[in-house]
Structure formats: C-alpha cells, structure tokens
Amino acid sequence: MSVGGALVVGAGAAYFLLVDGNTGFFGALALIGGLLLTVAVADQAAARGETATCVVTKIREELRESVGEGGARTTLYHHALRCPGGYPSSLAEDRRAAPEGGEVRVAYDAERRVAPAVEGSSSPWRPALLALPLLAAATAGALRGRRQRLSEERPA
C-alpha cells in the first residue's frame, strides 16, 4: 500500500516538474486524483467471489468528524458477524446493513485481499466515471505543455 502511494505521489511530482506553469500544478493534482480513483475502481472490481449469509451479533457506531471549520459528522457502523466458516467476522459500512440478530448477505474474497462488503453494494462505476475526466485533463495538460515546448524550440 505504501509503495503504491509513493508511486502515485511520485507520478504527480514528475508531472509537476515536466509540465510548466499552472498547467503543471493543476495537471499533477488531476493525475493524482485520477490515479487514486483508479485504485478505488480496482478495489471495488476486485474479486469478492464468495458470498455468505451472516448473522449480525453486535453493531458499534463510530462517529467521525471531518477536520476544519463546519466539519461534517459521519457515522461508521462496525458490524460483528457470525458467518459459516468464521469469516468474515466483521463488516464496516456507512449504514446499518441489518439490525442486531438480523441476517445480511456479505460478499468477500476468500484470500482476504479486499475488505468484505454487503452483496451488491460495491460498484466500480462511480469512481471510474470520476477518474476518466481527471486522467483526460491531466493528459490534455501534458500534451498542451509539450506542444508549447516544441513550438518554443523550433527555429523561426
């Protein structure tokens, strides 16, 4: 995870150094945002090939407040689960998946590469649709910067 984060930041820094002016700064931001959203797409599209019907044994609420003036409060619900085979044993969602004692269908990866999710709740389309324009803007900015550099290098 930290290697991937370093690569994303390194790509943004390289972009910033290679493309001049404001285009370099905003293009680097667009590139970093697009790459992070691409990681989210990969996570959501990752194989959660197994499903299980689990019983919610306990729900713990975690209130989170964003930093800054007028920060928004959100609640994360940690569900303790009893599933066949013992895995998954917990599920974190931004809403209650089921009441205590209720059942919930959970999609999970048997190799435990990605976190379990409520079956059908994890769709890669939203982050993919956000990543595409950001990556396109970064590419357009790099091409624009390259064209400007080439026109400056040509003899008159």
Side-chain angles (χ1 to χ4, degrees), residues 1-19 23-143:
M1 182 98 135
S2 61
V3 173
L7 289 173
V8 168
V9 171
Y15 187 103
F16 179 73
L17 294 173
L18 294 172
V19 179
T23 304
F25 176 74
F26 291 109
L29 289 178
L31 178 66
I32 289 171
L35 291 175
L36 290 174
L37 284 167
T38 302
V39 169
V41 169
D43 175 55
Q44 290 182 4
R48 286 186 176 100
E50 303 293 325
T51 58
T53 301
C54 304
V55 176
V56 177
T57 59
K58 185 175 182 179
I59 300 174
R60 181 178 56 87
E61 295 180 14
E62 177 186 347
L63 292 174
R64 298 188 297 181
E65 191 168 331
S66 62
V67 178
E69 195 173 313
R73 290 183 179 182
T74 58
T75 304
L76 184 64
Y77 297 92
H78 297 276
H79 301 76
L81 302 175
R82 186 175 62 240
C83 300
Y87 184 78
S89 59
S90 64
L91 176 70
E93 290 285 323
D94 59 356
R95 61 180 179 80
R96 289 179 184 262
E100 287 187 16
E103 291 185 343
V104 62
R105 295 270 308 159
V106 179
Y108 66 95
D109 177 20
E111 295 180 23
R112 302 177 187 199
R113 294 172 294 197
V114 294
V118 174
E119 184 179 38
S121 69
S122 178
S123 172
W125 291 109
R126 183 180 300 161
L129 291 174
L130 292 172
L132 286 174
L134 287 173
L135 293 173
T139 303
L143 290 173

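Given the structure is predicted, the values throughout are model-derived calculations rather than measurements.
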Atom [atom1] in [X], atom [atom2] in [Y]: separation rounded to 0.5 Å?
| X | Y | atom1 | atom2 | result |
| --- | --- | --- | --- | --- |
| D94 | E62 | CG | CD | 12.5 Å |
| T53 | E119 | OG1 | CD | 8.0 Å |
| E111 | E50 | CD | CD | 9.5 Å |
| L31 | T139 | CG | OG1 | 8.0 Å |
| H78 | I59 | NE2 | CD1 | 11.5 Å |

Between [X] and [Y], what is the shortest heavy-atom contact and its length?
| X | Y | result |
| --- | --- | --- |
| A97 | L91 | CB-CD2, 4.2 Å |
| V55 | E103 | CG2-CG, 4.3 Å |
| P88 | P116 | CB-CG, 3.7 Å |
| G33 | L134 | C-CD1, 3.9 Å |
| A131 | G34 | CB-O, 3.8 Å |

task: For the residue pair E93 and H79, confirm or rule out a side-chain donor-acceptor distance under 3.5 Å.
output: no

- request: Please determine, by modelled atom types, if R105 and T51 share a side-chain donor-acceptor pair under 3.5 angstrom.
  value: yes

Worked verdict on L63 versus R73 for side chain to side chain contact (heavy atoms under 4.5 Å, CB included): CA-CA 7 Å; L63 292 174; R73 290 183 179 182; 5.8 Å; no

- prompt: Does the side chain to side chain contact (heavy atoms under 4.5 Å, CB included) test come out yes or no for L81 and V104, once each step is laid out?
  reply: CA-CA 9 Å; L81 302 175; V104 62; 4.1 Å; yes

query: Below 4.5 Å, heavy atoms only, C-beta onward: do R96 and V56 meet side chain to side chain?
result: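 A side-chain contact under 4.5 Å is absent here.
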
